[in-house]
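In what follows, residues are counted from 1 in the order of the sequence shown.
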Amino acid sequence: MPIAEIRLNVATPDVVRSGGAEWAITAGFSESPFGRCLIAECPHGICYLGFGDADVWPELQTLWSDFKIIRDDPMAASLADRVFVKQQALDVFVKGSEFQLKVWRALLEIPCGEAISYRMLANRIGNPKAIRAAGAAVGKNPVAYIIPCHRIVHSDGSVGGYRWGVQLKSEMLMREQAIQGNKKGAHSGAF
């Protein structure tokens, strides 16, 4: 089942300035269907989701350097359950350039179980020549899986690269296709 609804909240400078000294970001590690993940939440929603152990905590600290980050693995397990198992409606809190936000919003419009090319993504944001820039914005997505950057593939249909590994991207796409196939009564098998 795909995530019911994702509400994208944007961290404008005013919002960050007004809350930075008072907010705490709660973050922790949890298991997911795709291995170990670091997931973080602030008062405005989930603000980070990354996979693995090595670089994710420093990346979170760099991304949200103005905020106090409190580690809470049980909270992370509960949040991961909401994302990966219950697939409940989620609030997401991100900061990025206008171009990045445009790309991330376009990613949210790609239906679960489907994939499009970088070229198609650039066309969807109304900037067909910005294929590489769109790809760079995809790579800067701070909430992997929730904003489905894994749904972008090469024009020839090959999976292509992925920040968290090609194997993980393939697993995400296959899981979504299986879910959608079960809803339709058949598995499509292609991305």
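Nearest approach of R82 to A89, heavy atoms of both residues: NH2-O, 3.9 Å. The two residues G160 and V166 have their closest heavy-atom pair at O-CG2, 3.2 Å. The two residues L60 and A27 come nearest to each other via the heavy atoms CD2-CB, 3.5 Å.
Under a 3.5 Å cut-off, the side chain of W164 and the backbone N or O of H150 do not form any donor-acceptor pair. Side chain of N9 to backbone of H44: a donor-acceptor contact under 3.5 angstrom is found. Side-chain N or O atoms of Q100 include one that pairs as donor or acceptor with a backbone N or O of S97 at under 3.5 Å. In this structure a side-chain-to-backbone donor-acceptor pair under 3.5 Å is present from R151 to I110. A donor-acceptor pair is defined here as one N or O able to donate and one able to accept, closer than 3.5 Å; such a pair exists between the side chain of D73 and the backbone of F29.
Under the salt bridge (charged side-chain N to carboxylate O under 4.0 Å, His left out) criterion, R175 pairs with no residue, sequence neighbours left out.
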Output a table of donor-acceptor pairs, distance under 3.5 Å, between side-chain atoms of residues 50-59 and any protein atom two or more places apart or on a different chain; print 'none' if there are none.
{"residue": "D53", "atom": "OD1", "partner": "R36", "partner atom": "NE", "Å": "2.4"}
{"residue": "E59", "atom": "OE1", "partner": "Y48", "partner atom": "OH", "Å": "2.4"}
{"residue": "E59", "atom": "OE1", "partner": "R163", "partner atom": "NH2", "Å": "2.3"}
{"residue": "E59", "atom": "OE2", "partner": "R163", "partner atom": "NH2", "Å": "2.1"}

Side-chain atoms of residues 126-141: list all donor-acceptor pairs with protein atoms under 3.5 Å, sequence neighbours left out, distances to 0.1 Å.
{"residue": "N141", "atom": "OD1", "partner": "V143", "partner atom": "N", "Å": "3.0"}
{"residue": "N141", "atom": "ND2", "partner": "I147", "partner atom": "O", "Å": "2.7"}

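Under the side-chain contact (heavy atoms from CB on, under 4.5 Å) rule, L79 has a single partner from I39, T26, L49, which is I39.
Using a cut-off of 4.0 Å between Lys/Arg side-chain N and Asp/Glu carboxylate O, K169 and E171 are scored as not salt-bridged.
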